[in-house]
Novice: 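Here it is, the structure, as structure tokens.
Everything numeric here is computed off the predicted structure, so don't read it as measured data.
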Amino acid sequence: MKTKVMLLALITSAIFAAPAAFSKDDASTATLITGARIFDGISENLLEGQDVLVKDGVIAQIAKDIDAPAGATVINAEGRVLTPGLVFMHEHLMMQLSSPDLLFRDDRYKAIVAGNIAEDYLERGITTVRDASGNTYGLKAAIDDGQTPGPRIYPSGPMISQTSGHSDHRFPTDKSVEMGGHHDLLVSEGDFVVADGVPEMLTATRENLRRGSSQIKIAVGGGTGSVSDPLEVVEFTDEEIQAATKAASDFGTYTMAHVYNNEGVRRAIDNGVKSIEHGNLIDKDTLQYIKDQGDVWLSPQVSVYTFIPAGYTEGQAHKHHQAFEGIDHMFKTAKEIGFDKIVIGSDIISNPEAIAKINEEFTFRAQWFSPIEVMRQATSKGGELLELSGVLNPYPGKLGVIAQGAHADLLLIDGNPLEDLSVMTDHEANFDLIMKGGEIYKSDL
């Protein structure tokens, strides 16, 4: 049964509640995993004949024939594959209502839905997410405090866009703010923010940092979910983008940019952006330009483009189809030029039913990438990108790898995903152990 999380615990970062039954204190109990074949998040060869000792929430030792500490839980994997917990890098935990509901539903209702969605992620082996826009500060605090199960959250906070950009969901008939109109509920509740000019961009960026964002998200091109901006348009001037990236860099972190088109990608990179979100419409020269930077990542998705999100208008649906059509060229080109700074994510919005099938992202990507490439994208590559948050990293330490000292986010899988990615799609049948921070969330052993 879904854990129901009430009211402001998921909306504000101030949580006042008694300790829950699944307190993080449980992570101090040691767990010894024996008999596993280990995918460490990097190597294409499974490591065999090694035990993994988990203690105090981290991987304390990887060695042969480890003696179990007194009181430790011992799990015999019986040849199952041990992998790092999955790292999904473009998620929207607060955005799983239809477009109309997102604009009109009460924030307490949205909070309860988000709590359920967070548990859905963890049930599917996704132990870490980078939330790409939304007021997830309170949800993160509730999960970290043990009030509700869910993945680690790297919050971007509200995505920042210009007027008529991807955060501006007003319709053409709505009055302008200057004429007495107002922005929609998603802006007033902190899921999006609209900013114009350098001073407003600085304020919006610094407010997100104040609230607890681990990285900053801006929109540098049109989006399928907004109504006023075709995918081909470029948003924010050089100076505005620089204001965001400089303010983020001054806090030791980085900026990610929503953008589909060539000019927008280049403008974002030239002004300091380190993570390109989507990129579906870019050509070979632009993808090569990303690769040539050496320190810029591509964060694409497939899942969200396989359906039309609930509540989309005809115009939004057209843009959604347009974005889907660009995926094949983007991935084929990445393979052709040998660009591998690619992570995994779903970008699913307005569809809890699609969240239930979120692990299909693995088989979608199998059209273009080998199993080892996809598994790296879902583990170590994500962990590497998350490290760019520097001093603002809410979970210092290694994620997405099985290594001594790394966070003990682990899965035991009945099947070998390095041979057959389809085993990743049925979490109920194939994920026999889900561990996050040393806590066993699920065990069928």
Novice: Strictly by modelled atom types, are Gln377 and Glu361 linked by a side-chain donor-acceptor pair under 3.5 Å?
Specialist: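 No - no donor-acceptor pair under 3.5 Å links their side chains.
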Novice: Between Gly225 and His166, which heavy-atom pair has the shortest distance, and what is it?
Specialist: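 Closest approach of Gly225 to His166, heavy atoms only: N-CE1, 3.8 Å.
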Novice: Considering only heavy atoms from C-beta outward, does the side chain of Asp191 approach that of Met95 to under 4.5 Å?
Specialist: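 Heavy-atom side-chain distance check passes, below 4.5 Å.
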Novice: Please identify which of these residues, Glu384, Glu387, His407, meets the side chain to side chain donor-acceptor pair (under 3.5 Å) condition with Lys398.
Specialist: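 Filter result, single survivor: Glu387.
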Novice: Locate the shortest heavy-atom distance separating Phe236 from Ala219; write the atom from each residue and the value.
Specialist: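 Smallest heavy-atom distance, with atoms named: CD1-O, 3.2 Å.
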Novice: Applying the side-chain contact (heavy atoms from CB on, under 4.5 Å) test to Leu392, which of Phe251, Tyr254, Tyr154 qualifies?
Specialist: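 Going through the options one by one, the only one that passes is Phe251.
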Novice: Would you tell me whether Ser156 and Gln215 have side-chain atoms, one donor and one acceptor, within less than 3.5 Å of each other?
Specialist: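 The criterion, which ignores hydrogens and geometry beyond distance, is satisfied for Gln215 and Ser156.
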Novice: For the residue pair Val227 and Gln316, establish whether any side-chain heavy-atom pair is separated by less than 4.5 Å.
Specialist: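 Side chain of Val227 against side chain of Gln316, heavy atoms only: contact under 4.5 Å found.
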Novice: So how far is it from Ser299 OG to Glu277 CD, rounded to the nearest 0.5 Å?
Specialist: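 That separation rounds to 3.5 Å.
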Novice: Check for a donor-acceptor pair, side chain of Ser228 on one end and backbone N or O of Ser164 on the other, with a separation under 3.5 Å.
Specialist: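 Answer holds: no.
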Novice: Short question: side chain of Gln293, backbone of Ile290 - any donor-acceptor pair under 3.5 Å?
Specialist: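 Side chain of Gln293 to backbone of Ile290: no pair is present.
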Novice: Identify the heavy atoms of Lys110 and Leu186 that sit nearest to each other, and give their distance.
Specialist: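 Minimum heavy-atom separation between Lys110 and Leu186: NZ-CD2, 4.3 Å.
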Novice: Side chains of Asp414 and Phe431: closer than 4.5 Å at any heavy-atom pair?
Specialist: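 Heavy-atom side-chain distance check fails, nothing below 4.5 Å.
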Novice: Measure the shortest side-chain to side-chain distance between Val234 and Asn261 over non-hydrogen atoms and say whether it is less than 4.5 angstrom.
Specialist: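 SC-SC contact between Val234 and Asn261 confirmed.
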Novice: Quick one: CE on Met256 to CD1 on Ile216, what's the gap to the nearest 0.5 Å?
Specialist: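 Spacing of CE (Met256) from CD1 (Ile216) equals 10.0 Å.
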Novice: Looking at CG of Leu82 and CG of Leu410, how far apart are the two atoms once the value is rounded to the nearest 0.5 Å?
Specialist: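 These two atoms lie 5.0 Å from each other.
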Novice: Regarding His92 and Asp131, do their side chains bring together a donor and an acceptor under 3.5 Å, going by distance alone?
Specialist: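 There is no such pair between these side chains.
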Novice: Test side-chain contact (heavy atoms from CB on, under 4.5 Å) on Leu102 and Met94; report intermediate values, then the result.
Specialist: CA-CA 9 Å; Leu102 285 172; Met94 303 301 298; over 6 Å; no
Novice: Could you tell me the separation between the CZ atom of Arg105 and the CD atom of Glu189, rounded to the nearest 0.5 Å?
Specialist: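 Output value for this atom pair is 12.5 Å.
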Novice: Quick one: CG on Asp347 to CD on Gln301, what's the gap to the nearest 0.5 Å?
Specialist: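 Nearest 0.5 Å value for the CG-CD distance: 4.5 Å.
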Novice: Would you say Asp409's side chain and Gly437's backbone share a donor-acceptor pair under 3.5 angstrom?
Specialist: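 Yes, the answer is positive, given that a donor and an acceptor are paired below the 3.5 Å cut-off.
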Novice: Report yes or no: do Thr237 and Glu240 form a side-chain donor-acceptor pair below 3.5 Å?
Specialist: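 On atom types as modelled, these side chains qualify, holding a pair under 3.5 Å.
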Novice: For the ring pair Tyr260 and His258, is the centre-to-centre distance below 6.0 Å?
Specialist: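 When the ring centroids of Tyr260 and His258 are compared, they turn out to be within the sub-6.0 Å range.
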Novice: With a 6.0 Å cut-off on the ring centroids, do Phe331 and Phe369 count as close?
Specialist: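 Yes - the distance between ring centres of Phe331 and Phe369 falls below the 6.0 Å cut-off.
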Novice: Evaluate the criterion side-chain contact (heavy atoms from CB on, under 4.5 Å) for residue pair Phe339 and Leu298; output intermediate values, then yes/no.
Specialist: CA-CA 9 Å; Phe339 178 58; Leu298 180 64; 3.6 Å; yes
Novice: Without swapping roles, check the side chain of Asp101 against the backbone of Leu97 for a donor-acceptor pair under 3.5 Å.
Specialist: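 Not at all, since once roles are kept as given, no pair shorter than 3.5 Å links the two residues.
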Novice: Please round to the nearest 0.5 Å and tell me the distance separating atom CG of Asp270 and atom CD of Glu263.
Specialist: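 Answer rounded to 0.5 Å: 10.5 Å.
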Novice: Would you say CD of Glu200 has more than 12 non-hydrogen atoms from neighbouring residues, nucleotides or ligands within 6.0 angstrom?
Specialist: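 Above 12, so yes.
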Novice: Considering all heavy atoms of both residues, which atom of Asn351 and which atom of Gln96 are nearest to each other, and what is their separation?
Specialist: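 Looks like N-OE1, 3.1 Å.
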Novice: On the ring face of Tyr289, is Arg266 found with NZ or CZ under 6.0 Å from the centre and within 45° of the axis?
Specialist: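 Checked: cation-pi criterion met.
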Novice: Can you tell me if Ser346 and Glu91 form a side-chain donor-acceptor pair at under 3.5 Å?
Specialist: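 The criterion, which ignores hydrogens and geometry beyond distance, is satisfied for Glu91 and Ser346.
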Novice: Has the side chain of Asp40 got a donor or acceptor atom that lies under 3.5 Å from a matching backbone atom of Ile402?
Specialist: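 Absent.
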Novice: Taking it one step at a time, do Thr127 and Leu86 satisfy side-chain contact (heavy atoms from CB on, under 4.5 Å)?
Specialist: CA-CA 6 Å; Thr127 53; Leu86 306 177; 5.7 Å; no
Novice: Would you say the side chains of Tyr312 and Thr224 form a donor-acceptor pair under 3.5 Å?
Specialist: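 There is such a pair (donor and acceptor under 3.5 Å, judged by atom type) between the side chains of Tyr312 and Thr224.
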Novice: Quick one, Arg365 with Glu373, criterion salt bridge (charged side-chain N to carboxylate O under 4.0 Å, His left out). Give me CA distance, side-chain angles, the key distance, then yes/no.
Specialist: CA-CA 9 Å; Arg365 291 190 181 224; Glu373 289 173 320; over 6 Å; no
Novice: Run the numbers on Asp229 and Lys319 for salt bridge (charged side-chain N to carboxylate O under 4.0 Å, His left out), then give the verdict.
Specialist: CA-CA 10 Å; Asp229 51 350; Lys319 291 193 289 183; 3.6 Å; yes
Novice: Do other residues, nucleotides or ligands put more than 12 heavy atoms under 6.0 Å from the NZ atom of Lys335?
Specialist: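 Yes - once you tally the heavy atoms of other residues, nucleotides and ligands closer than 6.0 Å, there are more than 12.
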Novice: Any salt bridge linking Asp144 with Arg152? Criterion: basic side-chain nitrogen under 4.0 Å from a carboxylate oxygen.
Specialist: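 Between Arg152 and Asp144 there is no salt bridge, as every charged N stays at least 4.0 Å from the carboxylate O atoms.
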Novice: Please walk me through it: do Lys332 and Asp328 pass salt bridge (charged side-chain N to carboxylate O under 4.0 Å, His left out)?
Specialist: CA-CA 6 Å; Lys332 284 181 177 177; Asp328 182 64; 3.1 Å; yes
Novice: Verify salt bridge (charged side-chain N to carboxylate O under 4.0 Å, His left out) between Asp340 and Lys291, making sure each step is shown before the conclusion.
Specialist: CA-CA 8 Å; Asp340 65 355; Lys291 181 184 177 184; over 6 Å; no
Novice: Please determine if Arg376 and Glu44 form a salt bridge, counting it only when a charged side-chain N lies under 4.0 Å from a carboxylate O.
Specialist: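 Salt bridge absent between Arg376 and Glu44.
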Novice: In this structure, are over 12 heavy atoms from other groups packed under 6.0 Å from Phe324 atom CZ?
Specialist: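 It does not: Phe324 CZ has 12 such atoms or fewer within range.
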Novice: Side chain of Asp168, backbone of Ser226: donor and acceptor closer than 3.5 Å?
Specialist: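 It does not hold such a pair.
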Novice: Please determine, by modelled atom types, if Asp196 and Thr163 share a side-chain donor-acceptor pair under 3.5 angstrom.
Specialist: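 There is such a pair (donor and acceptor under 3.5 Å, judged by atom type) between the side chains of Asp196 and Thr163.
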Novice: Leu388 vs Lys274, test: side-chain contact (heavy atoms from CB on, under 4.5 Å). Steps then yes/no.
Specialist: CA-CA 9 Å; Leu388 296 186; Lys274 297 301 181 186; 4.3 Å; yes
Novice: Check for a donor-acceptor pair, side chain of Asn430 on one end and backbone N or O of Thr425 on the other, with a separation under 3.5 Å.
Specialist: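 No; judged by distance alone, with no hydrogens or angles, the pair does not exist.
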Novice: Can a side-chain donor-acceptor contact be found between Asn208 and Thr205 if the only test is distance below 3.5 angstrom?
Specialist: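 Checked: Thr205/Asn208 side chains show no N/O donor-acceptor pair below 3.5 Å.
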Novice: Between the side chain of Asn280 and the main-chain N/O of Glu325, is any donor-acceptor distance below 3.5 Å?
Specialist: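 Not confirmed, Asn280 side chain does not pair with Glu325 backbone.
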Novice: Scan side-chain atoms only and decide if Asp238 and Gln242 contain a donor-acceptor pair under the 3.5 Å cut-off.
Specialist: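 Checked: Asp238/Gln242 side chains show no N/O donor-acceptor pair below 3.5 Å.
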Novice: If every non-hydrogen atom of Ser214 is compared with every non-hydrogen atom of Ser389, which pair is closest and at what distance?
Specialist: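 Scanning both residues completely, I find the closest heavy atoms to be O-CB, 3.2 Å.
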Novice: Mark yes or no for whether Thr136, through its side chain, and Pro155, through its backbone, hold a donor-acceptor pair below 3.5 Å.
Specialist: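 Judged by distance alone, no pair lies under 3.5 Å.
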Novice: Taking all heavy atoms of Met435 and all of Ile440, pick out the closest pair and write down the distance.
Specialist: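 The pair with the smallest heavy-atom distance is CE-CG1, 3.9 Å.
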Novice: Taking the basic N atoms (NZ, or NE/NH1/NH2) and the acidic carboxylate oxygens, is any pair closer than 4.0 Å for Lys357 and Glu353?
Specialist: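 Judged by the 4.0 Å cut-off on N to carboxylate O distance, Lys357 and Glu353 do not form a salt bridge.
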Novice: Is the backbone N or O of Thr286 less than 3.5 Å from a side-chain atom of Asn262, with the two atoms forming a donor-acceptor pair by type?
Specialist: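 No; zero donor-acceptor contacts below 3.5 Å.
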